[in-house]
Amino acid sequence: MHLLLPGQDYRDRKGRCLDRDIVHYYEESYWDYRTVWMDGKNLALHYGFWEPGIRTHSQALCNMNRVLADLAAIRPGETVLDAGCGIGGSALWLAENRGVTVTGISLSPAQVEQARRHARRRRLADRVRFEVADFCHTPFADGSFDVVWGLESVCHALDKSAFVEEAFRLLKPGGRLICSDGYAMRREYTDSEWETIRTCLDGWQIPNLATPDEFAKYLENAGFAGVRFRDVTVHILPSSERLHRIARLTRPLQRIMAALRLRTAAQSGNFCTALNQYRIFRDGLACYGIFCADKPVSVGVVA
């Protein structure tokens, strides 16, 4: 049996700088996402949320933003930190559809520049700004935001509790944290299961996965109240299966291009993860869930 423990880096290239590897992965894999996943409207680097009334892949990607915004009860005029903003898809959606002001942060200067261009193109630069920053150690003052938003980004943190503690610091009293991501369903895996887990962690530059119980405990220890968790694996499975199907169809081309050195190591790793990630959710090795938690309006004083 193999153990998947919190706080450890299980990637094959764990001797390298994790932040640098994350940046390299997203910059190298941009055209993979651009050609088979996102479009100019959603700019999404995440799974879609499927439910009745959603008919297309693009709709499902945008619907994920709606679901998270509703769960976090985001209201016009609020300030939102998009922690791990990618190229700005969710930040722009929130500004356009919820009337909020958004600050998006990413480790990647290239992603930040792309996001800024999209904001200017949509005439949202006055309501959405993007900066290069680490969401575990941001440059912002205490109580700067009403909402901290983490959409498939916190998985990249080596220490998930560091992100949670920083989010608590950044939120105003009464503010909310909303996170959607993959979570480990258990800590022990067979040889076959471990190969699948490791392939996906390495390909997507994810050092480890928290379990739902562990992440809930991080939230409680940081001071959050009203911690809610919703397992929505069934709603993202169509997206996961779609990614798996595309990888299977393009596998011969991937092999040829890799043999000719027309695909980088990061791009090939992305392909291998696309091929294997469906099994993780289908077979219950991990779940996809949404956490929402509140920063108390005031802290009680003990007499």
Side-chain angles (χ1 to χ4, degrees), residues 25-26 29-72 84 86-90 92-94 97 149-156 178-186 193 196-197 199-201 203-206 209-212 215 228-254 267 269-292:
Y25 161 72
Y26 278 109
S29 300
Y30 169 75
W31 282 106
D32 286 359
Y33 283 102
R34 188 68 184 88
T35 54
V36 305
W37 201 252
M38 67 178 175
D39 59 36
K41 178 177 175 59
N42 56 62
L43 303 173
L45 308 180
H46 55 78
Y47 289 109
F49 192 100
W50 290 83
E51 59 185 345
I54 300 300
R55 300 181 180 276
T56 69
H57 172 65
S58 184
Q59 288 176 346
L61 295 175
C62 289
N63 193 46
M64 179 65 81
N65 293 322
R66 182 198 63 78
V67 169
L68 298 187
D70 287 349
L71 288 174
I87 60 172
S90 292
L92 298 174
W93 187 95
L94 287 166
N97 293 276
W149 171 287
L151 175 48
E152 295 180 26
S153 56
V154 184
C155 57
H156 291 297
I178 185 80
C179 276
S180 67
D181 228 320
Y183 297 91
M185 292 297 286
R186 59 182 190 270
E193 292 170 341
T196 300
I197 292 282
T199 295
C200 293
L201 296 181
W204 279 352
Q205 300 305 324
I206 298 171
L209 292 174
T211 67
F215 201 81
R228 291 90 75 193
F229 176 73
R230 181 181 174 192
D231 185 333
V232 297
T233 307
V234 66
H235 294 285
I236 65 93
L237 269 179
S239 280
S240 179
E241 194 278 332
R242 179 184 187 273
L243 185 57
H244 171 73
R245 185 173 65 252
I246 291 171
R248 287 183 61 188
L249 290 172
T250 59
R251 182 158 41 186
L253 181 61
Q254 159 67 25
Q267 290 166 342
N270 187 40
F271 172 85
C272 290
T273 301
L275 190 63
N276 283 274
Q277 47 77 46
Y278 179 56
R279 182 192 175 196
I280 287 182
F281 296 119
R282 183 198 64 192
D283 295 351
L285 309 184
C287 71
Y288 189 99
I290 302 173
F291 271 100
C292 193

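Bear in mind that the values here come from a model prediction, so they are computed numbers and not experimental data.
Residues N97 and N65 have side chains not in contact (no heavy-atom distance under 4.5 Å, counting atoms from C-beta outward). Considering only heavy atoms from C-beta on, T211 stays 4.5 Å or farther from M185 through its side chain.
The heavy-atom pair separating G48 from S239 by the smallest distance is N-OG, 2.9 Å. The two residues R34 and G40 come nearest to each other via the heavy atoms NH2-N, 4.1 Å. P238 and W50 make their closest contact through CB-CD1, 3.6 Å (heavy atoms, listed as atom of the first residue, atom of the second, distance). Scanning both residues, A72 and C292, for their nearest heavy atoms gives CA-SG, 4.1 Å. Nearest heavy atom pair, residue D39 against residue S58, reads OD2-OG, 2.7 Å. P212 and Y183 get closest at one heavy-atom pair: CD-CB, 3.7 Å.
Atom CZ of R251 sits in a crowded spot, with more than 12 heavy atoms from other residues, nucleotides or ligands closer than 6.0 Å.
No donor-acceptor pair closer than 3.5 Å links the side chain of N42 to the backbone N or O of M38. For H46 (side chain) and E152 (main-chain N/O), no donor-acceptor pair under 3.5 Å exists by modelled atom type. Not a single donor-acceptor pair under 3.5 Å links the side chain of N276 to the backbone N or O of T199. N270 places no side-chain N or O within donor-acceptor distance of the main-chain N or O of T273, the cut-off being under 3.5 Å. Judged purely by atom type and a 3.5 angstrom limit, T35 uses its side chain to pair as donor or acceptor with the backbone of D32. For the pair T56 (side chain) and Q59 (backbone), a donor-acceptor distance under 3.5 Å is present. Under a 3.5 Å cut-off, the side chain of H244 and the backbone N or O of L275 do form a donor-acceptor pair. Under the 3.5 Å distance criterion, the side-chain polar atoms of D181 are matched with a main-chain donor or acceptor of C155.
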Given side chain to side chain contact (heavy atoms under 4.5 Å, CB included), test R248 with R245 step by step and report yes or no. CA-CA 5 Å; R248 287 183 61 188; R245 185 173 65 252; 5.7 Å; no
Quick one: do I178 and W149 satisfy side chain to side chain contact (heavy atoms under 4.5 Å, CB included)? Show the steps, please. CA-CA 5 Å; I178 185 80; W149 171 287; 3.8 Å; yes
Kindly determine whether R186 and E193 satisfy salt bridge (Lys or Arg N to Asp or Glu O under 4.0 Å), including the steps that lead there. CA-CA 11 Å; R186 59 182 190 270; E193 292 170 341; 2.5 Å; yes
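Taking the six-membered ring for Trp and the full ring otherwise, H57 and W37 have centroids separated by under 6.0 Å.
To the nearest 0.5 Å, the span separating CG on L43 from CG on L92 amounts to 6.5 Å. Atom OH of Y278 and atom CD1 of I236 lie 10.0 Å apart (nearest 0.5 Å). In this structure, SG on C200 lies 12.5 Å from CD on Q205, to the nearest 0.5 angstrom. Considering OH of Y26 and CH2 of W204, their distance stands at 8.5 Å, rounded to 0.5 Å. Note that SG of C179 and CG of L71 are 12.0 Å apart. Values are rounded to the nearest 0.5 Å. Rounding to the nearest 0.5 angstrom, the gap separating the CG atom in L209 from the CZ atom in F215 is 11.5 Å.
Scanning for ring pair (Phe, Tyr, Trp, His ring centres under 6.0 Å) contacts around Y47 gives F281, Y288, with sequence neighbours left out. Applying the side-chain hydrogen bond (donor to acceptor under 3.5 Å, both in side chains) test to S29 and every residue at least two apart in sequence or in another chain returns nothing.
Salt bridge status for E51 with R66: present, with a side-chain N to carboxylate O gap under 4.0 Å.
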